[in-house]
Amino acid sequence: MQVNNSFSINNVIPPVVAPVKTAESIEKERVQTSTFMPVEELSSTAPRAATQNQPNVAEQQSLDRDQALQARNLQVNQDQQQGQSNAQDNAQQQQEEQEIQQLAQRDREVKAHEQAHQAVGGQFAGAAQFQFIRGPNGVPYAVSGEVSIDLSPVPGSPEATIAKAQQIRRAALAPAEPSAQDRIVAAKASQLELQARRELVTQQDEQLTANQAQVNTQSAIASREEDTDEENNNDEESRVQLAERNRRNLSVYEQFIELGLIKDQVDRGIDLST
């Protein structure tokens, strides 16, 4: 038997030789395949990560300055708004106080004016009536007023009408500063007085005529001596002279009144025809 000891080299697979692992490589491989962070790595890397997330000192100071500036600007804006609000409140308060002072002064003037009419007008003056407005403080103040005056003549008595007209004229001009309406009332009172004086002169003339008729009747009935007739004639002449003097006085008085009315029209521009 023949023994063949030859073989093909191509069919021979060399054996696999495992690498030699050291203790260090084994530990490193264990750490890489583990899902947990090694204790040694946590202690070394954790402070460094925290330090990287914190701002440095300069950035912190800049951030603090910005926050302080924003807070200061906000406070300044609030102070300005508060100051403007206070200024507006003060201005409004001063305006209201000024308005109250003006209303109070007007109230005193109006009431004093109408009280002067009443005090002098007496029985011929009515009750004072006022118009009010309410001030900012809620108090009503008189801003205008009026007192009614009776300008009617006294029936059957020119003397009483004359006295009444004179009192009304004094009442109309009693206030320190008579109004245009007050002067119109005074002018009408003067007209009333003038009319009453005319009536009085007419009555005096009628009375003189009646007396003269009575004297003439008595002279015709009774037979008197010449001296007595002469005395009667002197009495008649005296009565005629008295009547003529009264007429002249009335004419002068009428002219005086008319001149006064004309002057009042010129000074005040009042139309007394109505």
Side-chain angles (χ1 to χ4, degrees), residues 13-119 127-147 174-183 268-269:
I13 299 173
V16 178
V17 178
V20 179
K21 296 182 178 180
T22 62
E24 182 179 358
S25 62
I26 294 173
E27 180 64 21
K28 185 177 181 180
E29 182 180 357
R30 186 184 64 82
V31 171
Q32 290 177 351
T33 57
S34 176
T35 58
F36 296 98
M37 182 69 67
V39 177
E40 294 81 3
E41 186 174 356
L42 284 175
S43 60
S44 60
T45 58
R48 185 165 52 252
T51 303
Q52 290 177 355
N53 293 332
Q54 292 179 355
N56 55 31
V57 177
E59 292 176 350
Q60 184 64 39
Q61 291 177 350
S62 176
L63 181 60
D64 294 341
R65 285 194 301 269
D66 293 340
Q67 293 177 351
L69 181 60
Q70 291 177 358
R72 184 167 63 252
N73 292 337
L74 179 60
Q75 184 64 36
V76 169
N77 293 334
Q78 292 177 351
D79 293 342
Q80 290 178 350
Q81 293 177 356
Q82 185 65 31
Q84 293 176 355
S85 177
N86 294 337
Q88 293 176 354
D89 293 341
N90 293 335
Q92 183 177 1
Q93 183 177 1
Q94 292 177 358
Q95 183 178 0
E96 291 179 353
E97 291 177 353
Q98 184 178 2
E99 183 178 356
I100 291 173
Q101 292 177 358
Q102 293 175 351
L103 289 174
Q105 181 179 357
R106 178 60 180 171
D107 181 89
R108 291 190 297 267
E109 292 175 353
V110 169
K111 291 181 179 178
H113 186 102
E114 304 306 331
Q115 287 173 0
H117 287 318
Q118 282 186 308
Q129 297 180 353
F130 301 99
Q131 289 75 43
F132 297 90
I133 64 172
R134 192 172 300 278
N137 55 353
V139 177
Y141 295 94
V143 294
S144 62
E146 61 181 5
V147 172
E177 297 181 359
S179 64
Q181 181 64 26
D182 295 339
R183 296 186 181 277
R268 295 290 173 180

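Only heavy atoms go into these numbers, but all of them, side chains included; no hydrogens, no water, no symmetry mates. Throughout, numbering of the chain's residues begins at 1 and tracks the sequence.
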- Note on the structure: For Val110 and Gly145 the tightest heavy-atom approach is CG1-N, 3.8 Å
- Query: What heavy-atom pair brings Glu99 and Pro136 nearest, and what distance separates the two atoms?
  - Reply: OE1-CG, 3.5 Å
- Task: Kindly compute the distance separating CD (Glu146) from OG (Ser179), expressed to the nearest 0.5 Å.
- Result: 11.0 Å
- Message: Nearest 0.5 Å, please: how far is NZ in Lys111 from CZ in Phe130?
- Response: 6.5 Å
- Do the side-chain N and O atoms of Asp66 and Gln70 include a donor-acceptor pair separated by under 3.5 angstrom? no
- Query: From Leu74 CG over to Arg72 CZ, what is the distance, rounded to the nearest 0.5 angstrom?
  - Reply: 12.0 Å
- dist Tyr141:OH -> Gln102:CD (nearest 0.5 Å) comes out at 12.0 Å
- Search all heavy atoms of Ala116 against all heavy atoms of Ala174 and return the closest pair with its distance. O-CB, 3.7 Å
- Query: Any idea which heavy atoms bring Ala127 and Gln118 closest together, and the distance?
  - Reply: CA-NE2, 3.4 Å
- Item | Audit row: Gln81, Asn77, side chain to side chain donor-acceptor pair (under 3.5 Å) steps and yes/no | CA-CA 6 Å; Gln81 293 177 356; Asn77 293 334; over 6 Å; no
- Query: Is a side-chain N or O of Asp107 found less than 3.5 angstrom from the main chain of Leu103, in a donor-acceptor match?
  - Reply: no
- Query: Hey, are Gln60 and Asp64 close enough side-chain-wise for a donor-acceptor pair under 3.5 Å?
  - Reply: yes
- Item | More than 12 heavy atoms from other groups under 6.0 Å of CD on Gln95 | no
- Do the side chains of Asp89 and Gln93 get nearer than 4.5 Å, heavy atoms only? no
- Message: What's the separation between atom CD in Gln61 and atom CD in Glu59, rounded to the nearest 0.5 Å?
- Response: 11.0 Å
- Task: For Gln131, look at atom CD and say whether over 12 heavy atoms of other residues, nucleotides or ligands are found less than 6.0 Å away.
- Result: yes
- Item | Interatomic spacing from CD in Glu96 to CD1 in Ile100 - rounded to 0.5 Å | 6.5 Å
- Count the heavy atoms of every other residue, nucleotide or ligand shown that sit under 6.0 Å from CD of Gln67, and state whether that count exceeds 12. yes
- Query: Using a distance-only test with no angle check, is there a side-chain donor-acceptor pair under 3.5 angstrom linking Asn90 and Gln94?
  - Reply: no
